[in-house]
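Okay, so here's the structure we're looking at.
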Amino acid sequence: MAILRVALDVPLNTLFDYLAPDTEITAQDVGARVLVPFGRNMMTGVIMEVTAYSSVPSPKLKHAAHIFRDVPPLPEGLIALFRFCSEYYHHPLGEVVMNGLPNRLRSNKPFTRKVPSACQYGLTLTGRKADTSIIPARHIVKHRLLARLRESRVMSISDAKQLSPRAPKALNELITLGWIEEIPFAHPATPVPAAQALQIPVLTTDQRNAVDVIAPEIGEFNTWLLHGVTGSGKTEVYLRLISLVLRQARQTLVLVPEINLTPQLEAVFRARFPTLRLVSLHSGLSPSERAAGWLQAQEGAAEIVLGTRLAVFTPLPKLGLIIVDEEQDASFKQQDGLRYSARDVAIFRAKQAGVPVILGSATPSLESHYNAVTGRYLRLRLSSRAVKNAALPVVRCIDTRAAKTKESFSPPVISALERCLALNQQSLVFINRRGYAPVLLCKSCGWAATCERCASRLVVHLRDKRLRCHHCGHQERFPNVCPECGDQDVVPFGHGTQRVEAALAEYFPGARIMRIDRDSTSRKDAWQHMLRDIHEQRVDILVGTQILAKGHDFPKLSLVSILNSDASLFSTDFRASERLFAQLMQVAGRAGRAGIPGEVLIQTEFPDHPLYHALRQHDYDLLAQTLLEERKTAGFPPFVYQALLRAEAPKIDTALGFLTSAVAVAKALGEIEVFDPVPAQMARLKGMERAYLLVQSGSRKKLQAFLGAWRTKLDALPSRKVRWTVDVDPMDF
DNA sequence: AGCACGCCGACT
DNA sequence: GTCGGCGTGCTC
């Protein structure tokens, strides 16, 4: 009787053996999903191996209930990728495998592919004449659907879903009522491309060079670092290479950071390749849609798979190229569960598949930069802007020790904004802090509002008169008096986007000001509408957080002011400068992209800091060299390889106690540098106390070997009330 | 992780 | 006398 070795979504570092449900089991079934009894439940897992014998005593073995043959089994390569991740990140294989599957395929129910809805919806005669007031006013979705249909006659299911996620249900009820009917599509939804949409831009010398160098290497593994200043046209290089890959009938995987950038890039791809079969895996998809896209990729039908970090686990039988855009972005590292770096997994995957991987960035991570310096990655530079006459913006520092700020603004920034307004040009004010003020203080006793579940200050949101924790989402009412001393003098301290917006409104009563942060863009489609307003010049001054920094072109923008970024200069996090630099380069890059000369003003108390110096010169390499030297002296990555043992417990001493015994175990294993356990930066989060222990080594191999042995020993350690995980190549401390 | 079993305090 | 607390141990 064949034995199935099954990966299950449980935090145990083992596969589970089952007797095959019938005799028709072959090696073909490796990679298939399987329904098995586990404990007292049924669970869905993936068959990792089919063997003849099991080391589990036979009375314990149960029969698998059912092998799903609704979708093809996972390809061998993907299983190998999962095994690699499990080993490298020291995370249970079952969790890695199940984490990689779309949710819909993790369930115990077979997958039935829904025929993509080939119809639109329109009003019936009854519906057109009907009195909508007989529908209760609280059925907002129904009213909106009807109103929209009276306007536009027809709408597709996706139009309806844009109105509300509950629209399908409302539609069905209205169909039952006889007000709405299904209208079959006359034509497939593929729009005929306008001739001018296909105009292909002429490449700059740098772009041409990059394409010419990479093109002959398609079909071979190499890691390319496409290092291009903001606005240098990295996307155009991607497009040229993708078109080569398309011609070979192979698939391209494009990974993007976790922001609403996916639709932008999707539109660019569709405009260039009108008949392209593209699957976009973003957070807005329903489980069925995601599974459907995933299957199209697995069947080789999708030519491009575009998505955020999870997309790195999409099965791609005809993979020809991987692109990781904005490779330095922190969102490629998952911060819970399997703590993988999608960028690093992508590189492994490219190597495994024998295809090139392109890491694109204006400000590469120091790790990638170093790999390019040592020759492990091949760097290609795009050093000029792609749009004719678009020069890099002039960057100036405003010394706020000399030019005193009032409500966050120094006189030079105010006059620059005035100038911009007079010239009818747009300007951007960057302050990376949401809310009105980052802290609420009592002037009398020094009390500050803090989150009861986290070790964080509550942020003042004046608009809704509430205090909010930006770490756990907790919110409470704004106190009228200090809860400590009863004094009435509780005041917001410091500046966030809302306060800056209010100050600007005072300075420039006539200006059209728009605030752009997670609060103002959280409503569905809000950001899209705001983008349109910006493009159509209905806005003079944009105030916002890093959400503004990424990927968007604002052609009319000529001035960028950065109000308050000094805090990150002297952070305890050794990666803070690198991140700040990347962020400021990105924001600065928003200015002057379409021929208007751009200007960037940075308010700082440390205008002589090397970071600002490099920024003024647009000199990434200069700063990278400085930072690398610092890291080398201090013994930080990329000169060492690190891992964290993270522990959390209701009481900090429990976590620290566990870590202390882990230190003893680690020291006994030897050959590795072990640091003392310390409380995490955000020591308390969501009611849990957190601490970590850092280990590092100059050799990745040694670190890996150590982690394997260490983890086995840690599993045996008593860990009452403590939850612990290993974080390889940690990004957050 | 779930989910059992299992042994000690405040309630009908 | 029971209901229920979460400590410990197992899941093929």
Side-chain angles (χ1 to χ4, degrees), chain A residues 1-27 29-68 73-74 79 82-83 85-86 89-109 310 334-340 645-655 657-658 661 685-690 711-727:
Chain A
M1 179 64 98
I3 300 290
L4 309 179
R5 311 214 64 220
V6 177
L8 291 171
D9 193 7
V10 287
L12 299 168
N13 190 31
T14 175
L15 297 176
F16 292 87
D17 293 1
Y18 287 88
L19 298 163
D22 52 57
T23 48
E24 299 288 304
I25 297 297
T26 65
D29 289 301
V30 169
R33 276 144 56 249
V34 62
L35 185 68
V36 294
F38 187 76
R40 54 170 37 242
N41 300 306
M42 297 303 279
M43 271 185 121
T44 295
V46 170
I47 302 174
M48 301 297 283
E49 293 166 41
V50 176
T51 59
Y53 302 100
S54 170
S55 54
V56 176
S58 49
K60 281 177 106 177
L61 287 179
K62 296 180 186 174
H63 277 272
H66 176 66
I67 296 180
F68 293 104
L74 302 180
I79 291 182
F82 287 143
R83 286 191 188 277
C85 287
S86 169
Y89 292 107
H90 298 272
H91 197 84
L93 182 56
E95 285 196 344
V96 175
V97 172
M98 297 316 279
N99 167 63
L101 293 190
N103 267 318
R104 185 61 188 77
L105 295 180
R106 277 185 244 179
S107 81
N108 291 353
K109 285 176 293 176
L310 190 55
Q334 179 140 68
Q335 290 299 359
D336 51 60
L338 171 64
R339 292 172 168 265
Y340 67 101
L645 179 63
R646 297 175 181 274
E648 59 177 49
K651 189 72 212 88
I652 189 75
D653 288 344
T654 323
F658 171 79
S661 7
L685 193 70
K686 299 176 187 178
M688 282 293 232
E689 303 271 4
R690 305 161 346 136
R711 196 162 69 106
T712 319
K713 293 240 159 76
L714 292 178
D715 274 325
L717 224 56
S719 59
R720 291 176 296 278
K721 297 219 163 201
V722 181
R723 287 173 42 176
W724 59 269
T725 52
V726 175
D727 186 351

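Not measured: the values here are computed from a predicted model. Excluded from the calculations below are hydrogen atoms, water molecules and symmetry mates; all remaining heavy atoms, backbone and side chain alike, are included. Just so we're on the same page: letters track the sequence lines, and every chain starts at 1.
- For Lys60(A), taking side-chain heavy atoms from C-beta onward, the closest of the listed nucleotides dT11(C), dC12(C), dG7(C) is dT11(C).
- The residue Tyr18(A) sits close only to the backbone: its heavy atoms come under 4.0 Å of sugar-phosphate atoms, none of a base.
- Atom CG of Leu35(A) is separated from atom C1' of dC12(C) by 14 Å (rounded to the nearest Å).
- For Phe16(A), the side-chain atoms get nearest to dC12(C) when compared with the rest of dA4(B), dC12(C), dA1(B).
- Atoms CG (Leu61(A)) and P (dC10(C)) sit 18 Å apart, rounded to a whole Å.
- The nucleotide whose nearest atom lies closest to any side-chain atom of Asn41(A) is, among dA1(B), dC3(B), dT8(C), dC3(B).
- A straight line from CD of Glu95(A) to C1' of dT11(C) spans 14 Å, rounded to a whole angstrom.
- Between Met98(A) atom CE and dA1(B) atom P the separation is 17 Å, expressed in whole Å.
- The heavy-atom pair separating Trp724(A) from Arg711(A) by the smallest distance is CH2-CG, 3.9 Å.
- Here the C1' atom of nucleotide dC12(C) and the OH atom of Tyr53(A) are 19 Å apart, to the nearest Å.
- Between atom CG of residue Leu8(A) and atom CE of residue Met98(A) there is a gap of 7.5 Å, rounded to the nearest 0.5 Å.
- Side chain of Lys721(A), nearest nucleotide from dC3(B), dA1(B), dC6(C): dC6(C).
- Within the 4.0 angstrom heavy-atom criterion, no nucleotide atom of any strand lies near Pro57(A).
- In the set dC3(B), dG7(C), dT11(C), the nucleotide with an atom closest to the side chain of Phe38(A) is dT11(C).
- Contact annotation for Leu4(A): no contact, since no heavy-atom pair falls under 4.0 Å across all strands.
- Minimum heavy-atom separation, Ala64(A) to Pro21(A): O-CB, 3.3 Å.
- Among the nucleotides dC12(C), dG7(C), dA1(B), the one closest to the side chain of Val10(A) is dA1(B).
- If Arg40(A) and Leu12(A) are placed on DNA chain B by their nearest nucleotide, the residue sitting closer to the 5' end is Leu12(A).
- The CG atom of Asp9(A) sits 9 Å away from the P atom of dG2(B) (whole-angstrom rounding).
- Ring geometry for Tyr89(A) versus Tyr340(A): interplanar angle over 60°, hence perpendicular rather than tilted (30 to 60°).
- The two residues Gly31(A) and Ile79(A) have their closest heavy-atom pair at CA-CD1, 3.6 Å.
- Nucleic acid contact class of Arg5(A) (heavy atoms, under 4.0 Å, all strands): none.
- The side chain of Val56(A) lies closest to dC12(C), out of dT11(C), dC6(C), dC12(C).
- Taking every side-chain heavy atom of Pro11(A) into account, dA1(B) is the closest of dC12(C), dC3(B), dA1(B).
- Nucleotide dT11(C) holds its P atom 13 Å from the CG atom of Asp17(A), rounded to whole Å.
- Residue pairs meeting the salt bridge (Lys or Arg N to Asp or Glu O under 4.0 Å) criterion with at least one partner in residues 34-49 of chain A, sequence neighbours excluded, are Arg5(A)-Glu49(A), Glu49(A)-Arg83(A).
- Proximity note for Arg720(A) (side chain, C-beta onward) versus dC3(B), dT8(C), dC12(C): the nearest is dT8(C).
- Residue Met42(A) contributes atom CE, which lies 11 Å from atom P of dC12(C) at whole-angstrom precision.
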